[in-house]
Every structure is written in structure tokens, then in C-alpha cells.
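Heads up: numbering here begins at 1 and tracks the sequence.
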Amino acid sequence: LPISRRDSAGAASQGISKWELAAPGQQVYEHIEDAADDFADDLPGEGQALIRSYEGESRPYPEFFDSEDIESEHVPLVQPEKRGWLPSLFRPRRSKESEEDHAEKHKLGQIPATAISGNDITSSVFYVSGICAYYAGFWAPISLVMVSGIVLYMFRGIYAEVVTALPVNGGTYTVLLNTTAKSIASLAACLTMLSYVSTAVVSASVAITYLQDLVSQIDNSWGTVVLLGLFAGLNLCGIKDSANVAVCIFVVHMSIMFILIGDCAIYAFQTDFSMLVENFNQRNNATFTCPPGQTGDCDMSIYPLAKALVFGFSSAMLGITGFETSANYVEEQKPGVFVKTLRNMWYCVAFLNPTISVLSLCVLPLHTVRGYPLSGGQPSNNSLLQLMARQDWLSTLVSVDAFMVLAGSVLTAYVGVTGLVRRMAYDRCLPMFLLRTNSIFGTNHYIIIGFFLVCTSLFFITNQNVLILASVYTISFLSVMSLFAVGNLILKYKRARIRREHRAKVPVVLLSLAGTITAIYGNIVINGSTIQYFFLYYGIILLIVGVMFQRVHILRMIIRALTRKGRAGEEEDPAAMQDTSGLRGFKARLAETMIRWLRQVQEQKIIFFIKVPDIRLMNKAVEYVRDNEQTQNMQFVHVHVIEGEETTPLGELADVKAMSEDLAILQRVYPKMKLDFAAISSHSPFRGSLVQKIGERLGVPTHFMFISCPSEKFSYDIAQLGGVRLITGAL
């Protein structure tokens with residue numbers, strides 16, 4: 001039954017028993033007897049739908065019920081002839097298995113979810129112990145305990161609170177998006193992407209370096225590219241296959257680490273910790289016996305205790321890189337798994353990094369642990385764990401393990417960046433074509449292949465200088481951690497009512513924030529040139545996002561340039577404008593394309609669900625959409641849950657009348673906005689399945705649906721609502 005506004009005769013011919021045109025504020029009810037059966041399998045909950053348009057005749061209006069297009073994902077649009085009401089009846093679809101239950105079966109459990117992020121965070125043991133020892137000397141284990149045992153433990157509670165309140169992919173981006181403006185959230189997302197790019201390149205390059213110790217014929221440059229391409233292929237095959245690979249790598253890595261720890265511990269006991277005592281006595285000695293081939297004594301830098309601890313603490317923060325990764329694919333995890341991944345990662349890092357550092361001092365001289373003598377001005381302790389192995393077979397095993405787990409970090413970068421880019425594309429911070437999936441595996445091939453090309457290009461642009469990317473990685477990661485702590489504080493203030501399973505105390509959050517800021521300052525002092533490379537790479541990523549935010553203005557400028565008037569304000573010759581050949585024809589076709597793109601951007605509808613009539617709340621929602629979204633099309637939706645045998649017509653409800661009147665006022669306040677109102681009644685509660693069906697009938701994806709901050713009594717979390725965004729707090 002294609003419904004549009006017609007006169008009474010036309011309506012009667014379509015089987016409509018009553019139809020009247022109405023001015024704003026009036027109510028007209030239309031009973032469609034034959035429509036109930038046509039929509040018996042359409043929306044959850046049995047009730048009514050009532051739609052109100054406040055737009056002029058030139059505005060598109062959704063054909064909410066179309067029996068010929070019930071199964072389509074997008075509702076076609078028709079032109080209204082008049083203003084008025086459009087109510088009808090519908091009954092629920094009763095499926096054997098809900099979409100939520102179907103998706104639940106394919107999500108990650110505790111082991112694979114931990115392995116994906118665990119490979120990233122535990123791979124730091126191969127370089128953080130040596131780097132920290134270079135600055136902190138004998139006190140390196142203390143710095144590592146401060147970071148792994150204290151700071152990371154505090155961030156464990158911070159991440160748990162934020163993600164259980166907002167269980168949506170994106171990490172820092174998600175929390176800032178739901179508490180601040182979209183532009184601020186995008187700044188954090190760019191930092192995270194920069195962190196992933198540098199993580200993948202650094203991990204791949206260092207992994208190939210370890211592999212060269214076993215197969216010297218491998219070229220580091222092309223070996224790095226091949227490794228990046230290999231994991232791009234695994235991700236193209238789907239996250240399930242990639243997760244299985246991650247589990248294998250993680251289990252083997254931890255097993256080899258325990259073997260190495262056991263071997264070093266046995267040696268330390270057999271020698272009565274004599275090397276540890278010797279290193280303690282030499283902790284302030286700046287000279288050491290030069291290795292064979294050099295005569296006399298060699299010197300090494302000795303920092304005062306306070307400076308050594310600060311520098312050691314700053315460099316040791318690299319040991320917890322990867323802790324933020326799990327938050328970027330939380331939607332792919334089963335309920336309750338995320339908090340367990342945080343716990344498991346903390347257990348691994350808090351034990352592994354300080355233990356390896358202590359044992360290195362038990363089996364090797366202090367100058368060797370610190371990486372002296374220097375090689376090319378850099379410490380020569382990248383293979384510190386190989387030197388700690390007392391047998392050749394164990395040294396070989398450590399090299400193989402280093403290659404595998406660092407390669408696993410490359411996998412983690414792919415998984416994390418895919419989730420983040422998908423989320424940003426949904427929110428129109430990045431181009432929507434990135435969301436396209438291939439027909440074979442259903443993966444986002446544009447994201448995966450694009451990330452591979454970016455990593456490869458940056459690797460060659462920097463002349464394969466891993467130290468530059470490693471420095472950029474440090475600052476970007478610490479900046480992301482700092483913004484996450486800030487987001488936690490904002491969440492406590494602006495979204496205090498939302499339900500969450502964990503709560504971090506404010507002093508703990510502030511102390512954690514102070515720790516990351518101190519580490520950023522320390523890394524800048526250690527290597528001042530890092531900041532210029534950081535802003536160079538960050539600016540490139542930020543430029544892409546900035547173009548997306550300003551695309552409406554850019555398109556308008558292009559359109560004005562293509563359609564500008566002739567000399568002295570004269571209009572273009574109509575015959576010339578219709579000429580499809582030559583330069584003018586090209587300009588005309590290009591202008592039409594630009595106009596079409598501009599309309600697509602600005603006509604994207606935004607839905608805001610409103611529970612009770614409150615013009616202040618509705619005004620805040622309009623202001624947010626106007627300031628943060630590149631659209632002028634917004635619809636308010638009210639869902640009325642039917643209780644018992646309620647028979648009151650939807651249009652006669654006091655709340656519906658009040659909302660309609662409030663929206664009429666807002667339409668006059670914001671004349672450039674296209675504001676609509678839809679009231680829907682249902683026996684089913686407000687939940688994800690209902691949100692999804694409403695979006696399907698109105699042609700609006702869930703990521704363009706907004707709500708105000710729910711209270712702790714709300715039965716569902718944000719993820720169960722399909723990822724709707726929080727844009728207003730309690731008034």
C-alpha cells in the first residue's frame with residue numbers, strides 16, 4: 001500500500017477509510033484495515049506509528065509503510081503534497097533466532113581476545129628492558145615496577161569503567177565522542193591511528209632483524225614489506241582466522257619466556273647472585289673494561305638517582321603499549337570478556353617485564369645490560385634476551401619467539417585499526433567507502449589494504465629509520481592514554497547517570513594522568529627531535545580527517561567557482577550552459593556531480609530518541625547536530641511502550657501532543673533545519689531490535705541515531721542498542 005498524501009477520493013480508492021488534510025497542531029487518524037496483515041512480520045511490538053512533518057512541500061518525506069518494499073534496508077522517499085499526520089498499525093515479526101544471538105556466536109572469547117592484545121603488550125619485553133636499563137641503570141627494575149605494577153594497574157580500572165559504560169569500538173575516540181564534540185574525539189582517533197601505523201612498522205622491522213640472526217640472507221627492507229603484506233592477507237581472511245594465529249603465537253611466546261626465566265634463575269642461584277652483587281657495587285661507576293679489540297677503559301653515562309628513575313620511568317612506558325588495543329575491538333568480544341583481557345594483560349606485564357630486568361642483572365654485567373659500548377650512537381642491547389640465554393638452543397629459541405611475537409604485534413595493529421576506522425567511517429569522520437566488504441570473507445578490504453600501503457610508504461619515506469617511528473610511537477601512545485584518562489573524568493561529570501560495572505576513583509585517575517604526562521615530558525627531554533616527526537606524521541592523518549569535516553564548505557566553494565557569473569555580473573548564456581561539449585560542458589557536469597555529493601551529505605537524516613517532552617533537551621540535541629554533523633535533516637522519535645490493555649490512540653497521548661508543539665517551536669527557531677517528529681507505540685521495550693527496525697523503516701543507520709544519557713536503571717547498554725550515540729546529559 002504505497003501511502004502518500006492524497007485527497008479524500010484518492011485515499012478512498014486506496015482502501016483508506018478516512019483521510020483529512022491537517023494544519024500543524026491538528027490531529028487526523030487514518031485506519032488502514034488491510035495494512036495489518038501486510039506488516040505482520042515487520043516491526044517488534046504491536047502498536048501504532050504516527051509521523052508528523054514540519055517541512056514544506058519541497059522536502060522529502062519517508063514512505064514509512066510500503067508493502068512492496070518490506071524487506072529493503074533503505075526506505076524510499078516520496079514528495080509530500082501537504083502537511084499532516086500519517087498514522088497506521090503494525091504487528092511484530094517473531095523470528096526463531098534474534099540477530100543479537102546470531103552475532104553472539106561469532107564473537108571472541110577470553111583467550112583469543114587476550115591473545116590479540118597480549119601479543120602487542122608482551123612483545124615489549126624484547127626492547128623495553130634494554131631501553132629502560134640504558135637510562136635507569138641498575139634501578140631499571142624499579143622503573144618497570146612503577147609502570148607495570150602501579151600505573152598500569154590504575155589504568156586497568158580507568159579502562160574498565162569507560163568501556164563497560166560505552167562498550168563500543170573506538171577506545172579513546174568513543175569516550176570523547178560520547179562526552180565532547182566530534183572534532184575533539186577525532187583528534188584522539190588520529191593519535192591512535194598514528195600509534196597503530198608506527199606499531200606495525202616498528203614491530204615488523206624489528207621482527208625481521210631478529211630473523212636475520214637465524215637467516216642472514218634476508219633483506220630487512222623487503223622482508224618488512226613481506227611481513228606487513230602477510231598479515232594484511234590474514235586479516236582479509238577474517239578476524240577469526242587471525243585470532244587463531246594470535247592464540248598460537250601468544251601461547252608459544254609465554255612458554256619460551258618461562259623457560260628463559262627458569263634458565264636464568266637457576267644460573268643466579270648456582271652463582272649465589274654474585275653478578276647481581278657486582279652490578280650493585282658498580283651502579284655509580286662510569287667506566288668499564290672495554291670488550292676485546294679495544295684497549296683501556298670505556299665510559300658510560302651515569303645519571304643521578306632521581307633523573308635515572310624519571311628517564312627510566314618515561315622509557316618504561318613503552319612496556320605497556322598495546323594495553324589500549326582491546327578497547328578498539330570490544331564489539332567483537334563476548335560480554336564480560338573485555339575486563340578479563342585487562343586483568344590478563346596486567347598479570348603478564350606486571351610479572352614479565354620486571355622479572356626479565358632483574359634476571360638480566362643477575363646473569364650479565366651492568367654495562368652489557370645498558371647496551372655499552374654503543375653502536376652508531378645507540379645502545380647495543382636490542383638482543384638483550386638472546387644474551388641472557390645460557391645455551392645456544394635457548395638463544396635460537398628466543399630469536400624465533402621474538403620474531404613470532406613481534407609479528408603478532410603487526411596483527412594487533414591491523415585488528416585495532418580496522419575497528420577504529422570502521423567506527424570513524426560510520427560517524428562520517430572518514431569516507432564511507434571504507435566500510436565496503438568483499439563478497440568472499442566479508443572483511444573491509446579497503447581499510448586493510450590502505451593500512452598496508454600507508455605503513456609501507458612511511459617505512460620507505462623515513463629511509464627505514466625505525467628509531468624515528470619508535471619515537472613517534474612513544475608520544476602518540478602516551479597521548480592516547482592521557483586522553484583516555486581525561487575522557488574518564490568527563491564521563492564521570494557529563495554522563496554520571498549511565499550504568500557501568502566498574503568505577504575508578506578520581507584521585508586514581510588524576511595520578512594516572514600525571515604519570516603519562518610525566519612520561520611524555522621525559523621522552524621529549526630524552527630526544528627533543530622526536531616532536532617534529534610526531535607533528536609531521538600526525539598532521540598528515542589530521543589533514544584527511546579535517547577535509548572530511550570541512551567537505552561541505554569545500555564542495556560549496558567548488559560549486560560557486562564552477563557556476564559563477566560572467567564578467568560584470570552578467571549571467572551565463574543559457575545555450576552555453578546546456579552545451580555538453582568543451583570546457584563549459586565539463587564544468588557543468590562537474591558542478592552537477594558536486595551538487596549531488598553535497599545533497600547526499602546534507603540530506604543524511606539524524607534520529608534523536610526522546611522519552612519525555614522537554615524543549616530544553618530537544619534544543620540541546622538540535623544544537624549538537626547543527627554544530628557537529630554535516631546535515632540539516634533531523635527527526636525526533638518517541639517510543640511509547642504499551643502497558644496492559646491500553647487503547648488510547650497514539651495521537652491523543654499528552655506527551656505526543658507536547659512533543660509535537662515543542663518541535664513546531666524549534667522549527668521556527670532553526671528555519672534551515674529540516675525537523676520531523678515520529679511517535680511509535682509498541683508492546684516491546686526500547687531495545688536494540690526495535691531501534692534497528694525503526695532505522696530500517698526510516699532509512700537511518702544506527703550510528704546516526706542519538707539518545708540522551710540513560711540512567712543506571714536502564715536495562716540495556718549502548719552496544720545492545722546497536723551503537724547509538726550519547727549527545728546530551730541530564731538536565
Side-chain angles (χ1 to χ4, degrees), residues 103-125 147-149 151-175 192 195-196 199 203 235 239-254 257 319-353 405 408-420 423 477 480-481 484-485 487-488 500-504 512 717-719:
E104 188 70 23
K105 296 180 180 179
H106 301 278
K107 292 188 176 182
L108 298 172
Q110 178 182 174
I111 294 177
T114 300
I116 291 174
S117 53
N119 282 328
D120 193 8
I121 196 169
T122 58
S123 66
S124 63
V125 71
V147 171
S148 304
V151 175
L152 189 61
Y153 180 80
M154 292 188 294
F155 268 103
R156 174 181 163 187
I158 294 172
Y159 271 80
E161 178 181 0
V162 171
V163 177
T164 55
L166 303 170
V168 182
N169 288 350
T172 306
Y173 169 74
T174 295
V175 62
T192 306
S195 177
Y196 281 132
T199 298
S203 298
N235 278 266
I239 188 174
K240 182 177 180 181
D241 296 334
S242 302
N244 291 336
V245 174
V247 170
C248 295
I249 294 175
F250 185 72
V251 171
V252 172
H253 168 56
M254 295 305 296
M257 287 297 97
I320 61 175
T321 53
F323 190 74
E324 81 288 357
T325 303
S326 183
N328 287 316
Y329 59 95
V330 64
E331 291 183 51
E332 282 74 46
Q333 302 177 29
K334 293 181 179 179
V337 167
F338 174 76
V339 177
K340 295 178 181 178
T341 64
L342 297 180
R343 179 201 62 193
N344 297 340
M345 286 190 291
W346 180 72
Y347 284 161
C348 293
V349 175
F351 169 76
L352 200 59
N353 288 358
V405 75
S409 297
V410 179
L411 166 65
T412 301
Y414 273 102
V415 174
V417 80
T418 300
L420 177 60
R423 177 65 184 181
F477 162 73
V480 170
M481 295 284 281
F484 204 96
N488 181 281
R500 63 203 75 183
E501 299 177 8
H502 301 270
R503 291 185 182 272
S512 302
D717 58 36
I718 301 301

Can you find a pair of side-chain heavy atoms, one from [X] and one from [Y], that are under 4.5 Å apart?
{"X": "I111", "Y": "F250", "answer": "no"}
{"X": "T122", "Y": "H253", "answer": "yes"}
{"X": "R156", "Y": "V151", "answer": "no"}
{"X": "L152", "Y": "F323", "answer": "yes"}

Residue among N353, V349, I320 satisfying side chain to side chain contact (heavy atoms under 4.5 Å, CB included) with V147: I320
T341 OG1 to L108 CG distance, which is reported to the nearest 0.5 Å: 10.5 Å
[X] and [Y]: which non-hydrogen atoms are nearest, and at how many Å?
{"X": "V339", "Y": "A160", "answer": "CG2-CB, 4.4 Å"}
{"X": "V125", "Y": "M257", "answer": "CG1-SD, 4.1 Å"}
{"X": "M345", "Y": "G322", "answer": "SD-O, 4.1 Å"}
{"X": "A246", "Y": "I116", "answer": "CB-CG1, 4.0 Å"}
{"X": "V410", "Y": "S203", "answer": "CG2-CB, 3.9 Å"}
{"X": "S512", "Y": "M154", "answer": "OG-CB, 3.0 Å"}

Side chain to side chain contact (heavy atoms under 4.5 Å, CB included) between T114 and K340, intermediate numbers included: CA-CA 8 Å; T114 300; K340 295 178 181 178; 5.8 Å; no
Indicate yes or no for a side-chain donor-acceptor contact from [X] to the backbone of [Y] under 3.5 Å, with no hydrogens or angles considered.
{"X": "Q333", "Y": "S326", "value": "yes"}
{"X": "D120", "Y": "S409", "value": "no"}
{"X": "S124", "Y": "G319", "value": "yes"}

Set of side chain to side chain donor-acceptor pair (under 3.5 Å) partners for Y196, sequence neighbours left out: N328
Worked verdict on V480 versus F477 for side chain to side chain contact (heavy atoms under 4.5 Å, CB included): CA-CA 5 Å; V480 170; F477 162 73; 5.6 Å; no
Steps toward side chain to side chain contact (heavy atoms under 4.5 Å, CB included) verdict (K334, K107): CA-CA 5 Å; K334 293 181 179 179; K107 292 188 176 182; 3.8 Å; yes
Any residue meeting salt bridge (charged side-chain N to carboxylate O under 4.0 Å, His left out) with E161, in chain and number order, not counting sequence neighbours: K492, R500
Side chain to side chain contact (heavy atoms under 4.5 Å, CB included) assessment of S195 paired with T199: CA-CA 6 Å; S195 177; T199 298; 4.0 Å; yes
Aromatic plane relationship, F484 with Y159 - under 30° parallel, 30 to 60° tilted, over 60° perpendicular: parallel
